[in-house]
Amino acid sequence: MARYIAPVQGKVSQLIDVIVLLILSIGALYLPLWMHMAGAAKTPGVVENPTWESLGQNAVQAGQYEALGYTPATAADLITARFDYSFSYLNLIVMVVVIVGYFVMMLKFSETEYREVIAEKFGEK
Amino acid sequence: MDMWTYLEYGAWALSAVLGLLMVADWLRTDSTYSEEVLTSSREGELEAMTEEHHLEGGQG
Amino acid sequence: MTDTDITSQAIDGMGPHGTKVGLLRVLGPAHVWALGVGIVLVGEYMGWNFAVGKGGAYAALIACWFAGILYSCVAMIDSEVTSTVAAAGGQYTQAKHIIGPLMAFNVGLYLTFAYTMLEAANAITAGYLIDQVAGMTGHQGGIDQRPFIILAIMFLAWLNYRGVLATLTFNLVITAIAFSAIIILFLSTSGVIGAGDMKHADLLAGQASLPYGWIGVLAAMHFGLWYYLGIEGTTQAAEEVRSPARSLPFGTLAGIMTLLIAATLTWYVCSGTLPWEFLGDGVNGSVAPLFDTARLSGSQALVWLLGIGTLFATLASANGCINDASRAWFAMGRDRYLPGWFGAVHPVYRTPYRSIVFLVPIALIFALGAPLDQVITFSILSGLLEYTFMPLNVILFRKKWPLATIKRGYEHPFHPLPAITLLALCSVTYFAVFLGYGTQLVAMIGFYIVVSLWFHFWRYRFVNRGAQFTMPWPRPEGY
């Protein structure tokens, strides 16, 4: 097989490649944040005039909270906040398809490229 | 103004100094040496020599 | 000019040559340990406690141990492969030789992102800690954390720029101090010596035992990874270690044992002191749980010790992250996977100086602009994708080069059991991430898909084909 000679990349083209990568990667983190789809927010429950008892705290737990400088009123949101773990199976399936699809795509492309590398390195069989 | 305000200014200043030191050295290095020397590092060069022993000595 | 002559007989007939300025081989096994544990130990000082919030304290302990199994598999697999593939870039170079270029490109990005995000998280924590200290010394109204966040990153980048030996020796010292602080806290509060101060029975009574039931245990796996995330970074030092085939497996396996101990002790003292709702909320509650535990111990000495421990742990971690991220970025530049400009080595300090400088502003963007749990999630997801790659990698490695064909510095036992276990635990963790951060997960994989297409159809044309296979290995079986 003819040896592949890679073209030499010019300075401007190098710079453009870096900028493309930067935009993509910063976008990937900030997009969910900007679209307010970051999820994982806890919702505090509502407790009127909270006491340690009404917050379900035993004496030791209440004692530790007080040692940390909390009162029932300031600790109420912290204590009652809960995650919502309900999910739709449709979303789950979408996620599985995306992950598996990603790895399958990558292994396929990699395999093609890899055969080329081996053929050039060790010669055709 | 208490100590922490001065510390804040100090941190800004020190960050700037360290950043400038790095950038200055980077620009100086780039202009002193040729690109060919700077990017001459090749993967596996040292391995080629060290791993050879393993292959000879440990084939069984 | 041909700088890579794969037919040369001068060296061994296969290896490349032409290096005028390369990285320096100066590190020993202790530095490898310091790099691995240094990056991770901060996970015991902050971040792991999000797992408590996800499912309660017991869920966090179960997650801690299952994640421990996951990482033991990672460490074993990684030790075997890396004891033969000893080059900067670590898993990136492994992927390039074993699976193929596109996989390698992705792995290189996982590594850079996992470490750069972790570095950002560390800087955020360091800033918070200094703010706390200011509060404790009587400063009113809080401080501007930004200069301290920037200083932490700048100082460590500068240290990395100036040479790897000083960087990792510094890491060895501060990691050892941070680790000792955990041991001392455990000894003085657990009741092993003198009267204990642990309140597990009462703090974990009733609804506090498993507040979300068993789904909470699954959900906790997400942040369970945080106890150990980054231990696989030891391989990035491969090109700078004096005898990689021996030092890397030793440093990595010693590191994972250190972390299993530290993680369990940390869980024990924190969950026995802090109520789980407070402990589990790493944003509004306990940002630095070991520090908070020390505060409740009533001992001023412990407060200072754990405060210093937290600061050192964040610095050691950010330091190791700069080291690892820049090595991965450098290795990709050297192969033209990224612009070749990044593949430069400093002729005096012998460090990949351009990669180090380039990653500084990126770390700053995330450290100054994004919330801590998002940054951590980004880091965890990149790590998780990397751990999914590892079992595929080792299975193909054993298939293409069975044990008899290449001498390994370390052979991991029970193959393919660790690979299968690792894959199963990764699946569980994907589900855990999906439960809270499904959008980020899909956004992130979307990013990797786009970037992969970009690489395959555009970027790969600048890469020489055969020359990137640099290991003196025989032809893989089946090709």
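Proteins get letters first, then strands, A, B, ... in listed order; numbering begins at 1 in each.
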Please report the closest heavy-atom contact between [X] and [Y], naming both atoms and the distance.
X: C/R475; Y: A/E124; answer: NH2-C, 4.2 Å
X: C/L435; Y: A/Y85; answer: CD2-O, 3.8 Å
X: C/L203; Y: A/Q61; answer: O-NE2, 3.0 Å
X: A/A28; Y: C/A443; answer: O-CB, 4.1 Å
X: C/F278; Y: A/Y65; answer: N-OH, 3.2 Å
X: C/F378; Y: A/S25; answer: CZ-O, 4.2 Å

**Asked** Under a 4.5 Å heavy-atom cutoff, which of A/T80, A/L21, A/I5 has the most pairs with chain C?
**Response**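 If we count pairs closer than 4.5 Å to chain C, A/L21 comes out on top.
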**Request:** Can you tell which part of A/L92 gets under 4.5 Å to a heavy atom of chain C, answering side chain, backbone, both or neither?
**Result:**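 Contact with chain C: backbone and side chain both.
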Between [X] and [Y] (judged by ring centroids, cut-off 6.0 Å), do the two rings come close enough to count as a pair?
X: C/F469; Y: A/F122; result: yes
X: C/Y460; Y: A/Y4; result: no
X: C/F431; Y: A/F87; result: yes

**Item:** From A/Y114 atom OH to C/L396 atom CG, the distance as rounded to the nearest 0.5 Å
**Value:** 8.5 Å
[Y] versus [X], side-chain donor and acceptor atoms under 3.5 Å:
X: C/R336; Y: A/Q14; value: no
X: A/Q57; Y: C/E277; value: yes
X: A/D17; Y: C/W454; value: no

**Prompt:** Between C/R465 and A/E120, is there a side-chain N and carboxylate O pair less than 4.0 Å apart?
**Reply:**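 No.
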